[in-house]
Student: 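Below you will find the structure I want to go over with you.
Per chain, numbering begins at 1; letters A, B, ... match sequence-line order.
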2 protein chains.
Amino acid sequence: MTTREELRTIALAEFAAAGYGATSLQRIAELAGVSKSSVLYHFDSKEHLLEAAIGPAIDRMHVVLAPLEAGGMGDQRAFLEAFVDFLLEYRLEVNMFINQGPSLVDVPVIERANELVRQLAEFFAANTGSLEEKMRFGIALGGAAYMLCSVQTFDLTQVETLDETRAALIVILTDLLG
Amino acid sequence: MTTREELRTIALAEFAAAGYGATSLQRIAELAGVSKSSVLYHFDSKEHLLEAAIGPAIDRMHVVLAPLEAGGMGDQRAFLEAFVDFLLEYRLEVNMFINQGPSLVDVPVIERANELVRQLAEFFAANTGSLEEKMRFGIALGGAAYMLCSVQTFDLTQVETLDETRAALIVILTDLLG
DNA sequence: TGCCAAACTGACCGATCGGACAGTTTCTGA
DNA sequence: TCAGAAACTGTCCGATCGGTCAGTTTGGCA
């Protein structure tokens, strides 16, 4: 792994765990075993580091949500599975989007993520009627993101395979969303 | 409302929204229309302000979780309703506990909250068997906390009554947890 | 009215922050 | 081997941070 890649990985984990604003470049540097200046050699600024860290997830989310722009989610099951796969692969990023998105609107890359979250929420709001259905969607999105980032809290540290997690998550979300 | 009370309220909202570490005393002071020194007149330190902000929720959570220490939740329905009421009243605090708890273990008052979250999680882990059931619990807790703090995102800003929200949440969590 | 406590303030402190920049070291390819 | 680019570093900067402290203002009560 290159230094740049290691910094990206460490930054993502720290930004997700402690928050972007509360994570210092010095901390990221120490965790990577390099100087802070070295971090700034690879990334022009803290904001550029954030962009590099979460950029791929945003690009991917664009693709996953593309069906919504065409006016519908097409095959609901296929959409749900694609979204679950997205969650499984980008659980840290999604956790950041939903928990830190509202307070980091001044950061352009986060606002891109906020747009996507809004798009998803608006699609569901337009296609659901009752208070309960809207709440179910919020719980599904926030709950899945939180749960996937909290495996230790919930005794999910046994070596279950990704496939088992995926299958269970699809069942649960199907239950929740109908 | 006294200045002290206003500061508590503003601090809680800011700590929950932006994160404890990323919220400055100066910002809280500005939102309250007083000087930072005035904040420190009322609360000896940032940490004491945090304790004052989330202390009541922790005390209350102790009470709500008391049945678990007796080895069971007693009447499951009653426990669920008590917990939902707790969530509805302390949604900001709970959101802080679950999202910021893991990264603020050095703050004693947060660690008290972490203990309670662990207690709740361990109770469910001991009383559930499958991966799916454990995941359901994580999704229920994280999802409800997130959803209740994100009413604007999910088009829940209509003037639904607290009773309707409560009723729907109980139905959803009952579905989720069985 | 006057005293004292409560409430509030601005100036200051040392520490930390993101970032600039010149200097040093390492790597690569001819 | 050597030159130049890549990678890395330490020092420095201005800004912000939590907190200290002496001074000022306000409120309450005798």
Side-chain angles (χ1 to χ4, degrees), chain A residues 1-55 96 99-101 103-113, chain B residues 1-55 96 99-101 103-113:
Chain A
M1 195 182 320
T2 65
T3 298
R4 193 174 195 278
E5 198 54 33
E6 191 179 2
L7 289 172
R8 270 194 68 253
T9 302
I10 289 169
L12 176 59
E14 288 298 306
F15 289 155
Y20 173 71
T23 299
S24 67
L25 292 178
Q26 182 60 37
R27 172 152 174 86
I28 292 168
E30 281 164 4
L31 289 170
V34 297
S35 71
K36 188 183 64 165
S37 300
S38 190
V39 177
L40 291 167
Y41 168 80
H42 288 280
F43 303 96
D44 288 343
S45 65
K46 189 180 183 182
E47 192 170 318
H48 282 145
L49 177 56
L50 177 64
E51 287 167 7
I54 64 175
M96 276 192 78
N99 288 307
Q100 299 179 48
S103 65
L104 295 177
V105 291
D106 292 339
V107 185
V109 68
I110 291 278
E111 194 50 23
R112 280 176 59 204
Chain B
M1 196 183 321
T2 64
T3 298
R4 192 176 196 278
E5 198 53 36
E6 191 179 2
L7 290 172
R8 269 195 69 251
T9 302
I10 290 169
L12 175 58
E14 288 298 309
F15 289 155
Y20 173 70
T23 300
S24 68
L25 294 177
Q26 183 59 39
R27 170 146 175 93
I28 292 169
E30 280 162 8
L31 290 170
V34 297
S35 70
K36 188 182 68 170
S37 301
S38 190
V39 177
L40 290 166
Y41 168 79
H42 288 280
F43 302 96
D44 288 341
S45 65
K46 190 179 182 183
E47 192 170 317
H48 282 147
L49 177 55
L50 176 64
E51 286 167 10
I54 66 175
M96 276 191 75
N99 288 306
Q100 298 179 48
S103 65
L104 295 175
V105 290
D106 293 338
V107 185
V109 68
I110 291 277
E111 194 49 24
R112 280 176 60 206

Student: Quick test of your reading of the model: are Arg8(A) and Glu5(A) salt-bridged, counting only N-O distances below 4.0 Å?
Tutor: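 Yes.
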Student: Between His42(B) and dA6(C), is there a contact of a side-chain N or O with OP1 or OP2 at under 4.0 Å?
Tutor: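 No, His42(B) has no side-chain N/O under 4.0 Å of OP1/OP2 on dA6(C).
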Student: Rounded to the nearest 0.5 Å, what's the gap from CD on Glu14(B) to CG on Leu25(B)? Could you check?
Tutor: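 Spacing of CD (Glu14(B)) from CG (Leu25(B)) equals 11.5 Å.
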Student: Nucleotide by nucleotide, 5' to 3', does protein get under 4.0 Å of the base (B), only the sugar-phosphate (S), or neither (-) in nucleotides 11-21 of chain D, counting heavy atoms?
Tutor: ------SBBBB
Student: Expressed as a whole number of angstroms, how long is the span from Glu6(B):CD to dA7(C):P?
Tutor: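 After rounding, the gap between these two atoms is 14 Å.
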Student: Check whether any side-chain heavy atom of Met96(B) sits under 4.5 Å from a side-chain heavy atom of Leu50(B), and report yes or no.
Tutor: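 Yes, at least one pair of side-chain atoms sits under 4.5 Å.
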Student: Measure the shortest side-chain to side-chain distance between Ile54(A) and Leu12(A) over non-hydrogen atoms and say whether it is less than 4.5 angstrom.
Tutor: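 Side-chain contact under 4.5 Å: yes.
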Student: Ser38(A) side chain: which of dA7(C), dC8(D), dT9(C) is closest?
Tutor: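 So the nucleotide nearest the side chain must be dC8(D).
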Student: When the distance from CG of Leu7(B) to P of dC8(C) is rounded to whole Å, what number comes out?
Tutor: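 Going from Leu7(B) (CG) to dC8(C) (P), I get 8 Å.
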Student: Within this structure, what is the OH-to-P distance between Tyr41(B) and dA5(C), rounded to whole angstrom?
Tutor: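 Interatomic distance, OH of Tyr41(B) to P of dA5(C): 11 Å.
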Student: Please report the interatomic distance OH(Tyr41(A)) to CZ(Arg4(A)), rounded to the nearest 0.5 Å.
Tutor: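 If we round to the nearest 0.5 Å, Tyr41(A):OH and Arg4(A):CZ are 10.5 Å apart.
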Student: Restricting to non-hydrogen atoms, name the atom on Phe15(B) and the atom on Lys46(B) that form the minimum distance, rounded to 0.1 Å.
Tutor: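 Looks like CE2-CE, 4.1 Å.
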Student: Atom CD of Glu30(A) to atom C1' of dT9(D): distance rounded to whole Å?
Tutor: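 Glu30(A) atom CD is separated from dT9(D) atom C1' by 15 Å.
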